[in-house]
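Working notes for the structure below.
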There are 4 protein chains.
Amino acid sequence: MDADPTTRHRRRDAAATRAALLHAARSLMARHGVEGTSTRDVAAAAGVNQTLVYRYFGSKEKLFAEAACAGAESPNIVTKTPLAELPRALLDRALDLTQAEESGDLAALVGAANDEHVRAVLRDRIEKSFGALAARLDGPDADLRAELVAAILIGVGLLRHKIGTTATSTADRETLAIYVDRMMATLIRPSP
Amino acid sequence: MDADPTTRHRRRDAAATRAALLHAARSLMARHGVEGTSTRDVAAAAGVNQTLVYRYFGSKEKLFAEAACAGAESPNIVTKTPLAELPRALLDRALDLTQAEESGDLAALVGAANDEHVRAVLRDRIEKSFGALAARLDGPDADLRAELVAAILIGVGLLRHKIGTTATSTADRETLAIYVDRMMATLIRPSP
Amino acid sequence: MDADPTTRHRRRDAAATRAALLHAARSLMARHGVEGTSTRDVAAAAGVNQTLVYRYFGSKEKLFAEAACAGAESPNIVTKTPLAELPRALLDRALDLTQAEESGDLAALVGAANDEHVRAVLRDRIEKSFGALAARLDGPDADLRAELVAAILIGVGLLRHKIGTTATSTADRETLAIYVDRMMATLIRPSP
Amino acid sequence: MDADPTTRHRRRDAAATRAALLHAARSLMARHGVEGTSTRDVAAAAGVNQTLVYRYFGSKEKLFAEAACAGAESPNIVTKTPLAELPRALLDRALDLTQAEESGDLAALVGAANDEHVRAVLRDRIEKSFGALAARLDGPDADLRAELVAAILIGVGLLRHKIGTTATSTADRETLAIYVDRMMATLIRPSP
DNA sequence: CATGAATGAGTATTCATTCAT
DNA sequence: AATGAATGAATACTCATTCAT
């Protein structure tokens with residue numbers, strides 16, 4: 001598919017270039033934050049020319065804003081998983097770094113959200129995803145309780161993958177799941 | 001006696017200048033992250049000349065590393081508060097923005113930790129503070145459970161003060177305390 | 001076709017820009033030394049944007065190192081000129097300031113060599129150029145005698161063009177040639 | 001002489017501090033040039049406070065200008081040494097690095113003379129020292145011939161101590177003296 | 001006499017961004 | 001569609017210099 005004789009310069013089509021830039025942006029953003037990542041870094045990681053950032057996204061800020069939303073299109077976990085299994089499902093997703101880089105890990109994005117645009121995108125994204133969870137919760141303060149589920153994921157994800165405190169980083173997933181499940185259960189079950 | 005308008009040069013008080021720089025660094029770091037804050041910004045916020053950053057701290061990185069440590073000297077809450085009252089005490093401290101800026105709010109620091117030096121300082125700080133809590137916990141995985149207490153504070157703090165999701169930002173403190181208390185209780189009480 | 005006043009951006013000619021920067025660097029370096037010349041000065045003298053120094057050379061040091069090399073590609077004088085005529089030929093070249101600025105005058109470079117990188121380049125350059133002369137000399141200490149030929153050119157060049165002592169600066173070239181010829185003759189002729 | 005009980009802060013008297021600064025300035029200037037040496041470097045090398053540069057010399061430029069003249073007060077070599085022995089005497093002085101740093105080696109100063117003030121001082125110094133030699137020379141162009149004696153010292157000194165070309169750096173002094181003697185002889189003897 | 005505190009202008013270097021091809 | 005050339009504003013950091021004690 002690279003041998004199309006009509007393309008000379010064009011190894012990748014536009015869509016692939018865009019996607020490569022978004023992927024690189026997400027990955028670098030998780031590690032170094034928005035301000036700590038240059039458009040040159042992103043372009044280099046994507047293997048394309050720096051100016052294509054501007055061709056496809058208009059500005060650095062817009063690139064990162066779009067990078068922060070992309071991947072949020074699969075909130076199926078939140079809406080489809082039986083509530084009893086939800087904590088474990090969410091934890092698995094949060095701890096799967098590969099998927100995290102692909103689809104934009106919540107904790108990584110929160111940790112990188114020092115840019116107001118990114119923050120706005122992220123706010124919307126969280127409210128939409130966990131708003132869907134709130135709709136499934138009985139009892140009072142459903143919105144708040146749903147957001148607190150997100151808070152746990154964010155806190156655990158940051159300690160494990162960004163700060164790297166010993167216990168949280170080295171705990172095996174099963175052990176971690178026990179405590180996360182207990183914490184989230186207090187939020188998901190209707191108040192006693 | 002500080003308002004004498006005839007002085008062109010600032011009051012010559014090394015300790016006060018250092019402290020002003022640290023305070024400004026902590027405040028800006030919480031809002032814009034380390035990479036998003038310039039030494040000029042810090043100096044301007046502190047009302048002192050930019051070069052004093054270098055006179056007193058040697059480099060931007062060292063300034064922020066020290067800013068991330070400072071304030072950790074009061075872990076009395078963690079060690080002295082009765083366990084039953086600890087969740088509320090920790091939450092109060094985390095939500096008190098004034099004190100947060102003074103003494104280095106945990107969530108704010110985590111959100112700004114895109115710099116490896118800052119991360120290292122923060123890791124040590126968390127492990128020391130919450131290691132002291134772990135020592136008070138009965139049952140297995142005390143270290144992990146203590147760190148998860150920190151995770152909750154970080155998650156809630158970031159949602160409320162940095163991302164600003166609606167429910168968490170607007171919840172009154174009493175309501176928030178109910179759920180935080182329940183979550184933390186599952187960690188603090190010996191496992192059933 | 002270079003004088004079109006409607007172009008805001010300079011003519012896009014990478015080779016010309018590089019060359020202009022090298023030329024400016026050599027010229028300023030001769031007058032103010034490496035440490036005394038800023039990249040802004042160089043860019044301004046070349047009429048180009050300062051950042052192009054970094055695009056084309058990577059750093060100030062590399063710019064000046066390359067400036068110190070360039071021009072050494074014409075050691076034909078040393079290898080081709082009959083030995084009897086060599087002193088005059090070398091003197092003419094050393095006193096021709098126009099050519100000196102173009103191709104990197106020996107004395108000027110030596111006078112500017114307070115940077116270790118520049119010194120290294122210059123050392124190699126002198127050893128190569130005057131090593132070729134040594135190969136043509138009969139008798140003992142050929143290498144040393146060849147380098148002493150260079151020493152004379154350096155000493156005379158510095159006194160005449162940099163320090164500006166009266167006699168050496170105002171002497172006409174013919175008179176100077178008499179004495180330089182005598183001095184060099186003692187080096188070039190096989191020892192008696 | 002340090003135990004005077006009436007001095008508290010004053011380890012060195014004013015004259016000693018001045019001298020220490022001049023000594024340090026000369027030494028650093030020879031190695032890194034004027035522009036490459038900061039007043040802080042000088043003060044540190046002299047073991048005194050940086051501001052004393054301004055107390056004693058008024059400015060960096062004046063410090064270095066004075067450093068460039070100091071030490072020139074012993075032109076006895078030029079005036080007293082029998083002409084036949086002069087080349088060797090001058091060479092010995094030029095190659096004695098210890099004395100060079102103390103009294104301001106000619107070549108080192110020339111190599112550092114990228115500052116106009118320093119150049120002016122140096123010009124005067126050379127013209128005075130070697131003007132005294134000119135007065136002893138018979139025949140035409142005495143001034144020029146005397147300056148060319150200086151040129152040889154400068155060229156040899158720079159190659160040997162600053163650039164470090166192999167032959168000149170490694171030659172033993174006796175061998176070097178042979179050729180320097182021959183070169184200078186063509187200048188000192190009345191023209192044939 | 002000596003020193004630490006403070007300053008503003010400058011340095012090398014990198015950034016996001018635009019132009020021309 | 002894609003690329004190299006060019007730009008101006010910013011960044012971290014250093015300098016020579018002055019003030020206050």
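Side chains included, hydrogens not; waters and symmetry mates left out as well; all remaining heavy atoms used. Letters A, B, ... mirror the listed sequences (proteins, then strands); counts begin at 1.
Electrostatic pairing of B:Glu116 and A:Arg31 does not count as a salt bridge here, judged by no charged N lying under 4.0 Å from a carboxylate O. Look at B:Glu66 and B:Arg26 and you find no salt bridge, because none of the NZ, NE, NH1 or NH2 atoms lies under 4.0 Å from a carboxylate O.
By the 4.5 Å heavy-atom criterion applied to side chains, C:Thr17 and C:Arg55 are not counted as neighbours. Contact annotation: the side chain of A:Leu22 approaches that of A:Phe57 to within less than 4.5 Å [non-hydrogen atoms, C-beta and beyond].
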If pairs are Watson-Crick or G-U with both distances under 3.5 Å, what is the dot-bracket string of DNA chain E, marking crossing pairs with [ ] and pairs to another strand with |?
.||||||||||||||||||||
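In this structure, the CZ atom of B:Phe57 is 15 Å from the P atom of F:dT14, given to the nearest Å. In this structure, the NE2 atom of A:His32 is 16 Å from the C1' atom of E:dC15, given to the nearest Å. With rounding to whole Å, B:Asp13 atom CG is found 13 Å from F:dA20 atom C1'. Here F:dA16 presents its P atom at 12 Å from CG of D:Leu28, a figure rounded to the nearest Å. Spacing between atom CG of A:Leu52 and atom P of E:dT18 amounts to 14 Å, rounded to whole angstrom units. A:Phe64 places its CZ atom 15 Å from the C1' atom of E:dT17, with the value rounded to the nearest Å.
Backbone-only contact: A:Tyr56 has heavy atoms under 4.0 Å from sugar-phosphate atoms and none from a base.
Looking at residues two or more places apart in sequence or on another chain, you find a side-chain hydrogen bond (donor to acceptor under 3.5 Å, both in side chains) between A:Asp41 and A:Ser38. With sequence neighbours excluded, no residue forms a side-chain hydrogen bond (donor to acceptor under 3.5 Å, both in side chains) with B:Glu61. Residues satisfying the side-chain hydrogen bond (donor to acceptor under 3.5 Å, both in side chains) test with B:Glu35, not counting sequence neighbours, are none.
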Treating primed atoms plus P, OP1 and OP2 as sugar-phosphate and everything else as base, which nucleotides of nucleotides 9-14 of chain E get B, S or - for protein heavy atoms under 4.0 Å?
B-BSBB
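Only one option out of C:Val121, C:Asp115, C:Val42 pairs with C:Phe64 in a side-chain contact (heavy atoms from CB on, under 4.5 Å); it is C:Val42.
Taking only side-chain nitrogens and oxygens, B:Arg55 comes nearer than 4.0 Å to OP1 or OP2 of E:dA5.
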Identify all side-chain donor-acceptor contacts of residues 43-53 of chain D below 3.5 Å with residues at least two apart in sequence or on another chain.
{"residue": "D:Asn49", "atom": "OD1", "partner": "D:Thr51", "partner atom": "N", "Å": "2.8"}
{"residue": "D:Asn49", "atom": "OD1", "partner": "D:Thr51", "partner atom": "OG1", "Å": "2.7"}
{"residue": "D:Gln50", "atom": "OE1", "partner": "D:Thr39", "partner atom": "OG1", "Å": "3.0"}

